[in-house]
Amino acid sequence: MKTDHFHNKVVIITGSGQGIGKRTAEMLAKRGAKVVINSRHQEKVTSVVETINNGGGNAIGLSGDVSSYHFCCELRDFTLSHFGRIDYLINNAALASKGGILDTEPHLFTEVYKVNVFGGLNAAKAVVEELIKTKGGILFISSLAGVIGLPSYFLYSSTKSAVATIAESLSNELYDEGVFVGVHIPGFTENDPDKNIMLPNGETVVLPKRTNVKVLSRDTTVKRIILQLEKRKFRSYSSFSGYFLEYLYRLSPPLSLLFIRMNRQRIMISDTFAAHPIYQRKNRKK
Ligand SMILES: NC(=O)c1ccc[n+]([C@@H]2O[C@H](COP(=O)([O-])OP(=O)(O)OC[C@H]3O[C@@H](n4cnc5c(N)ncnc54)[C@H](OP(=O)(O)O)[C@@H]3O)[C@@H](O)[C@H]2O)c1
């Protein structure tokens, strides 16, 4: 009988205390992977580890912040001390943020970049030598918002675009070492009930269930992430709209910008919490 590709593979998934990361860990564990759970909150990590282990899987977890390179080295050493090797890193941890340049507090620039960009770089740097030994791989989770800069999402969009570029560089740089590097572009995916979004004043609020856009189920997105990892495909999308937007952008950047410009008001008020007073100034039509 053919052994599952992920059987006994050791996979670190950052930001796996909830949402897409958590579901990815659960599905990989079902396929025989040894999974390493991480997020900043210990109680979330413990809960995911327990759920997986009670279901017959093999999980360990370490809470901490991937924006610290020192923590990423601890995460690597913790994984090696328990499982002895590292096959894959999924750079999934991220902060969602929304707000225009007029309203956003400058200290948030650093805060969002520290997690969304430096977090992925820190984790990649910490484990890359281990991945060379196992001929493993790194998957960066980007976003549709990273394909083209969206109004009111300049911070989030730019970090997700950076993530895709980092993946492109590393995929070529590590090619001769036999290390796979890819980028996944999820479409709008069903929120975890605990998913937070950062307002331009730095306050975090729970992102309500999205009702005004078509959302993918978490399982749909996660199955595509896992398939991409298994097939070692550089770029993959969980929705057709992601594929379409990227295709349009590559075909004609000016046309894509025009498309976004024509839909700017709709994008800026697209979230169910857009009525929050903090967004009223920039949402006002002239
Ligand atoms: N959901 C969507 O519609 C969608 C669409 C496009 C792209 N994405 C991308 O897909 C990924 C997962 O999204 P999601 O919706 O599942 O997000 P989520 O529900 O907000 O989960 C994010 C996870 O990251 C952890 N995290 C945040 N900052 C961290 C840090 N500094 N260090 C370690 N862990 C950290 C959070 O837990 P703690 O708070 O405990 O740290 C949480 O477990 C993200 O990269 C996101 O940008 C999502």
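Counting starts at 1 for both ligands and their atoms, following the listed order.
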Chemist: Does a donor on one side chain and an acceptor on the other come within less than 3.5 Å for His5 and Glu230?
Modeler: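 Distance-only check fails for His5 and Glu230.
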Chemist: Would you mind running through ligand 1 and noting each atom that sits below 4.0 Å from a heavy atom of Gly64?
Modeler: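 Here the atoms of ligand 1 in question are 32 (N), 33 (C).
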Chemist: Flag the pair Asp4 and Arg31 as a salt bridge only when some basic side-chain nitrogen lies within less than 4.0 angstrom of an acidic carboxylate oxygen.
Modeler: yes
Chemist: Tyr156 heavy atoms, cut-off 4.0 Å: which ligand 1 atoms fall inside?
Modeler: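 Checking each atom against Tyr156, I get 7 (C), 8 (N), 9 (C), 46 (C), 47 (O).
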Chemist: Among all the protein's non-hydrogen atoms, which is closest to atom 36 (C) of ligand 1, and how far away is it?
Modeler: Ser39 CB, 4.2 Å
Chemist: If I apply the N/O under 3.5 Å rule, does Asp65 come out as touching ligand 1?
Modeler: yes
Chemist: State whether a side-chain donor-acceptor pair under 3.5 Å links Gln18 with Lys195.
Modeler: no
Chemist: Short list, please: which atoms of ligand 1 are under 4.0 Å from a heavy atom of Phe188?
Modeler: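 Contacts of ligand 1 toward Phe188, numbered from 1: 3 (O).
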Chemist: Check whether the side chains of Tyr113 and Ser158 place a donor and an acceptor atom closer than 3.5 Å, and report yes or no.
Modeler: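 Yes - a donor-acceptor pair under 3.5 Å links their side chains.
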Chemist: Angle class for the Tyr243/Phe240 ring planes (parallel below 30°, perpendicular above 60°, tilted otherwise)?
Modeler: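 If you compare the ring of Tyr243 with that of Phe240, the planes turn out tilted.
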Chemist: For atom 38 (P) of ligand 1, what's the nearest protein heavy atom and its distance?
Modeler: His41 ND1, 3.4 Å
Chemist: Closer than 4.0 angstrom, basic N to acidic O: yes or no for Glu111 and Lys114?
Modeler: no
Chemist: Which is it for Asp194 and ligand 1 at heavy atoms under 4.0 Å: side chain, backbone, both or neither?
Modeler: neither
Chemist: Would you kindly confirm whether Met27 and Ile225 end up in one hydrophobic cluster when ILVMFWY residues are joined by side chain heavy atoms under 4.5 Å apart?
Modeler: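 Met27 clusters together with Ile225.
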Chemist: Can you find a pair of side-chain heavy atoms, one from Ser143 and one from Ile185, that are under 4.5 Å apart?
Modeler: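 No, their side chains stay 4.5 Å or more apart.
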Chemist: Backbone, side chain, both or neither: what part of Lys160 comes under 4.0 angstrom of ligand 1, heavy atoms only?
Modeler: side chain
Chemist: My understanding is that we take every heavy atom of each candidate and find the minimum distance to atom 30 (C) of ligand 1. Doing that for Lys195, Arg40, Gln18, which one comes out nearest?
Modeler: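 Looking at heavy atoms only, the winner is Arg40.
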Chemist: Side chain or backbone, does Ser143 bring an N or O within less than 3.5 Å of an N or O on ligand 1?
Modeler: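 N/O-N/O distance below 3.5 Å does not exist for this pair.
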Chemist: I need the nearest protein heavy-atom contact for atom 25 (C) of ligand 1: residue, atom name and distance, please.
Modeler: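 Its nearest protein heavy-atom neighbour is Gly15 CA, 3.5 Å.
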Chemist: Got a salt bridge between Arg235 and Glu246, using NZ or NE/NH1/NH2 to carboxylate O under 4.0 Å?
Modeler: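 A salt bridge is present here (some side-chain N lies under 4.0 Å from a carboxylate O).
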Chemist: Using a 4.0 Å heavy-atom threshold (strictly under), name the region of Lys44 that reaches ligand 1: side chain, backbone, both or neither.
Modeler: side chain
Chemist: Is it true that the side chains of Ser217 and Asp219 contain a donor and an acceptor less than 3.5 Å apart?
Modeler: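 Checked: Ser217/Asp219 side chains show no N/O donor-acceptor pair below 3.5 Å.
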Chemist: Using only heavy-atom distances, determine whether the side chains of Thr159 and Asn116 contain a donor-acceptor pair under 3.5 Å.
Modeler: yes
Chemist: Can you list the ligand 1 atoms lying under 4.0 Å from a non-hydrogen atom of Gly17?
Modeler: 43 (O)
Chemist: Find all atoms of ligand 1 within a distance of less than 4.0 Å from any non-hydrogen atom belonging to Gly19, and give their numbers and elements.
Modeler: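 Per the distance check, 16 (O).
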Chemist: Which residue supplies the protein heavy atom nearest to atom 35 (C) of ligand 1, what is that atom called, and how far is it?
Modeler: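 Closest protein heavy atom to atom 35 (C) of ligand 1: Ala93 CB, 3.7 Å.
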Chemist: So which bit of Ser142 gets within less than 4.0 Å of ligand 1, heavy atoms only: side chain, backbone, both or neither?
Modeler: backbone
Chemist: From the options Thr189, Leu95, Ile185, Asn91, select the one whose nearest heavy atom is closest to atom 2 (C) of ligand 1.
Modeler: Thr189
Chemist: Quick one: look up the protein heavy atom nearest atom 32 (N) of ligand 1 and list residue, atom name and how far away it is.
Modeler: Val66 N, 3.1 Å
Chemist: Mind checking whether Pro186 has an N or O less than 3.5 Å away from an N or O of ligand 1?
Modeler: no
Chemist: If you measure from atom 11 (C) of ligand 1 to every heavy atom of Thr24, Asn92, Ile20, which option wins on shortest distance?
Modeler: Asn92
Chemist: In the protein, which heavy atom is nearest to atom 22 (C) of ligand 1, and how far is it?
Modeler: Ala94 O, 4.1 Å
Chemist: Considering only non-hydrogen protein atoms, determine which one is nearest to atom 5 (C) of ligand 1 and report residue, atom name and distance to 0.1 Å.
Modeler: Gly187 O, 3.3 Å
Chemist: So is Asn191 in contact with ligand 1, going by heavy-atom distances below 4.0 Å?
Modeler: no
Chemist: Heavy atom of Asn38 under 4.0 Å from ligand 1?
Modeler: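 Asn38 counts as a contact of ligand 1 under the 4.0 Å cut-off.
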Chemist: How long is the straight-line distance from CD1 of Ile86 back to CD1 of Ile12, given to the nearest 0.5 Å?
Modeler: 4.0 Å
Chemist: Got Asn58 and Val35 here, is their nearest side-chain heavy-atom distance under 4.5 Å?
Modeler: no
Chemist: Under a 3.5 Å threshold, yes or no: a donor from one side chain and an acceptor from the other, between Gln42 and Thr46?
Modeler: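 Gln42 vs Thr46: donor-acceptor pair found between side chains.
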Chemist: Going by heavy-atom distance to atom 10 (O) of ligand 1, choose the closest among Ile37, Ile141, Leu62.
Modeler: Ile141
Chemist: I need the single residue from Leu229, Thr14, Ile20 that forms a side-chain contact (heavy atoms from CB on, under 4.5 Å) with Ile90. Which is it?
Modeler: Leu229
